Number of protein chains: 4
Amino acid sequence: MSAVAKRRERERAERRDRILDAAQQVFWREGFEAAKMGAIAEAAQLGKGTLYLYFRDKDHLALGLATRHQTRLLERFGRLRSECGESGGLELLRRLLASYADHMQKPVEHLRMVMTRWATGAPFDPATEGCQSAGENVMRIFGTLRDTVIEAQQKGELPAHIPPERLTTFLFSSLNGSLLMQLQMNCLASLDEVNKKIMTTDEHIDLLLEACRHLARPSRVGERYDLEDAGQ
Amino acid sequence: MSAVAKRRERERAERRDRILDAAQQVFWREGFEAAKMGAIAEAAQLGKGTLYLYFRDKDHLALGLATRHQTRLLERFGRLRSECGESGGLELLRRLLASYADHMQKPVEHLRMVMTRWATGAPFDPATEGCQSAGENVMRIFGTLRDTVIEAQQKGELPAHIPPERLTTFLFSSLNGSLLMQLQMNCLASLDEVNKKIMTTDEHIDLLLEACRHLARPSRVGERYDLEDAGQ
Amino acid sequence: MSAVAKRRERERAERRDRILDAAQQVFWREGFEAAKMGAIAEAAQLGKGTLYLYFRDKDHLALGLATRHQTRLLERFGRLRSECGESGGLELLRRLLASYADHMQKPVEHLRMVMTRWATGAPFDPATEGCQSAGENVMRIFGTLRDTVIEAQQKGELPAHIPPERLTTFLFSSLNGSLLMQLQMNCLASLDEVNKKIMTTDEHIDLLLEACRHLARPSRVGERYDLEDAGQ
Amino acid sequence: MSAVAKRRERERAERRDRILDAAQQVFWREGFEAAKMGAIAEAAQLGKGTLYLYFRDKDHLALGLATRHQTRLLERFGRLRSECGESGGLELLRRLLASYADHMQKPVEHLRMVMTRWATGAPFDPATEGCQSAGENVMRIFGTLRDTVIEAQQKGELPAHIPPERLTTFLFSSLNGSLLMQLQMNCLASLDEVNKKIMTTDEHIDLLLEACRHLARPSRVGERYDLEDAGQ
DNA sequence: TATGAATGAGCCTTCATTCAT
DNA sequence: GATGAATGAAGGCTCATTCAT
């Protein structure tokens, strides 16, 4: 009985994953709005109704996809931390950011999907089951970055006088902006030729960290880094 | 006759503008996808068919909106340059960026609309009439920023050894990332409390410029700022 | 202009009527639940969307059908009253009831539709536009019957000591029961042979009026079958 | 073995009854169309597939329900006859009719279900197993009423010159019409206030029997309201 | 015998766009 | 030029029923 139950559970998980694979494929190809449930079912070689045994609706399918993607990113983060051992610090941070960027852009279609969701607004009702875990995952991703920022600060590789949350937010949003630009270039062909040669995401990360790193050295003694009048 | 023609042209321009006002209002309220042409026509106090005498389709309505918005931004940019006189440089750059950010977020609904368009991909066929001018406007916006970056470099307020396009792209994409985060926070309630207190767009600009400014001082003599091994 | 507007209005009314004809045809053939909007559109030789320019939804289509049917019945009632002149009274009542029954059963499919609606419960939200007129029509139908009952009472053809509303309700519900039995016979084939020969709707009306007429004669003292106030 | 078989049979009957209880509960709550087999299975604390071991399909579930309901009504009829002893006649008829009405309206939801079925048409293929017994039950119910009508006629409490089947049909359909009106009032709020105070089902029965009873007195010579063969 | 996961046909409604007036 | 009535394609979701276990 336990054996049967185990098999059942395994099969269920496998099928759920196959559905997510199919959904990912179709979402990437068509975009979320244009993706048809029928196409997903066909791609998963399942009946249309079966999809609804695993996901409440189209939105929850996307949510499941996002959660799985985040989970995999967190696994990558975990592996990177393990590999780095105690070295940690700025170098780990760079790798985490590069890993994040890579994970996000893997196929640009995925990036597009995620960005669309962010831009579209609040598609995930926080009250919905499954949405919380997605939010928690984001917090874990952010938290991992922040922890590494703190390490780098403690090592003196990043300015310690800036609150780590602030610094992490700065890095995170800036990097996301770089990713976003990948999509803008698709949208604005005129920018494409100029920028394509100018800045890859990795270069953005390097420049970003380099810039932050130098923030560590106070310009002048006594500077408070009051940003409002920093130019002064 | 010329007078009549002039009046006609003026009336046409006014009506076109009224349509754009109506479209903006509805797009902001409902989002692009959910916005109904009928609602726009009603808001413009025009027949549904009349809309199509001024804009090929819904997409071109959005395109016209974007172009008008960009034009207004360029006007703001022009005014800022005039005010600054010859002082220019980093301070002007900061004001341009702040103006850009302000113009983009004016209502967050507008930001959402723009971001969605960027993320959604390539809705504007470059071959389409009207799209070129949009692209050109983007180039002008980018060009204004780049010119100001160059000025700042010449003044020694920003590192001169980094290609201005590269630096401008960095600033531009990073700032866009900060704007994007405004929307993410709506989407991910969990991030909201943490970040809302942490970084406004203006703060992001300050930190960003401060970081870049310090890039001006080579870490060590002889460093080329080869980014690939910058950590080295 | 007035001519154009008139034509428009006439055409609109005609088309509305054609849609109702088509809906009636399909509803009768398939029943309300099974009737498909597409079939109605096809029967009306119109696009599916056009239906929704004239009726909010499937329910309102049925409502419109009901209202039209009631209106026609009221016209029949009006004609009967005119024909009868001043004679009125019981004979007019019989004709009204027969007319009602005939109008309801014209095709048994229509009867089925109406009965289903009654039985199904409260499909018409009283707040809905159009529903009030339907309710008002029912009241007019009932009112016509009641007025005629009163006439008959004044003529001494029906018992005057029974409140006319009560008497009318009795007649009305009883007749509806007879109509309902037409459908029951379809449902219960076993009853069919027995009853089909036994009582037509007209016979039911005759027997019903005959029975009521004799109520005019006050029961005898001591009889146990007094209604609450009948003996009075 | 016989004992085991008996137990099996008993258990099967019990389970069948539990399913009917569950179905009744759900049908009343949701209506036949909206009732979901899954909800019935859940209410019966059984698997969905199990339902189909006891009833061919949803329709037969309703049929089983109707049959059981009829059977219980027949038991009530039997009890009434026993109680009445030999008195029988009109008084028994009144009680039977009241009992019938009560049994039908017990919860108005049940009445709605039955009426819907009658109105909907011929859902029960007479060839289907189980449908015959339902038809037979109806015949038994009708037969009981008819027998009692005959008794009343023989006692002189009801007009003897009207064929008992005809009289019974008249009573039966009229009473059903009164029941139907309970539902109409739900549907037509405008009638509600007028009629709710005017006629309960019991009052309808009283008035109905009173009217029929007076038919017992042959019309006078020359009266115009003779039924076709009533005088005969 | 009991189960419940899988199935897939089926359908109302919306809305961008056109075109006759 | 302006109108708005007409169009019809398109799609997410339900649920009665089956059948392998």
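Each chain gets a letter, A, B and so on, in the order the sequences are listed, and its residues count up from 1. All figures in this text were calculated on a predicted structure; none of them were measured in a lab.
Among the atoms of the strands shown, none is found under 4.0 Å from any heavy atom of C:R8. Note on B:A39: nothing from the nucleic acid sits closer than 4.0 angstrom, heavy atoms only. Residue contacts for A:A34: at a heavy-atom cut-off of 4.0 Å it reaches no nucleic acid atom on any strand shown. Counting any heavy atom pair closer than 4.0 Å across all strands shown, A:K36 reaches sugar-phosphate atoms only and no base atom.
Rounded to an integer number of Å, the gap from C:R7 CZ to E:dA20 P is 14 Å. In this entry the distance linking CG of B:L51 with P of F:dG1 reads 14 Å, nearest Å. For the pair B:M37 CE and F:dT3 P, the computed distance is 14 Å after rounding to whole Å. Atom P of nucleotide F:dT3 and atom CD of B:E42 are separated by 13 Å, given to the nearest angstrom. Atom pair D:E33:CD and F:dT14:C1' shows a separation of 13 Å (rounding to whole Å applied). The distance from atom NZ of D:K58 to atom P of F:dC15 is 9 Å, rounded to the nearest whole Å. Summarising the geometry, the separation between CG on A:D57 and P on F:dC15 is reported as 15 Å, rounded to the nearest angstrom. To the nearest angstrom, C1' of E:dA6 lies 15 Å from CD of A:Q45.
Comparing F:dA6, E:dT3, E:dT7 against the side chain of D:L53 picks out E:dT3 as the nearest. Among F:dA5, E:dT18, E:dT7, the nucleotide with an atom closest to any side-chain atom of C:Y54 is F:dA5.
The pair D:E11-D:R15 fails the salt-bridge criterion, with no side-chain N (NZ, NE, NH1 or NH2) lying under 4.0 Å from an Asp/Glu carboxylate O. Classification of B:E14 and B:R10 as a salt-bridged pair holds, one side-chain N sitting under 4.0 Å from a carboxylate O.
Taking the six-membered ring where tryptophan is involved, the planes of A:H69 and A:H110 are tilted, since the angle between them lies from 30° to 60°. Using bins of under 30°, 30° to 60° and over 60° for the plane-to-plane angle, the ring pair C:F32/C:F27 lands in the tilted bin.
Across the strands present, F:dA10 finds its partner in E:dT13; the criterion is a Watson-Crick or G-U wobble pair with both atom distances under 3.5 angstrom. Remark: E:dT21 base-pairs with F:dA2. Criterion, Watson-Crick or G-U wobble with two distances under 3.5 Å.
Put simply, B:K48 has no side-chain N or O that comes within less than 4.0 Å of OP1 or OP2 on F:dG4. Checking the phosphate oxygens (OP1, OP2) of E:dA5, no side-chain nitrogen or oxygen of A:R15 falls inside 4.0 Å.
Mapping B:Y52 and C:A35 onto DNA chain E by nearest heavy atom places C:A35 closer to the 5' end of the strand.
By the 4.5 Å heavy-atom criterion applied to side chains, C:M37 and C:L61 are counted as neighbours.
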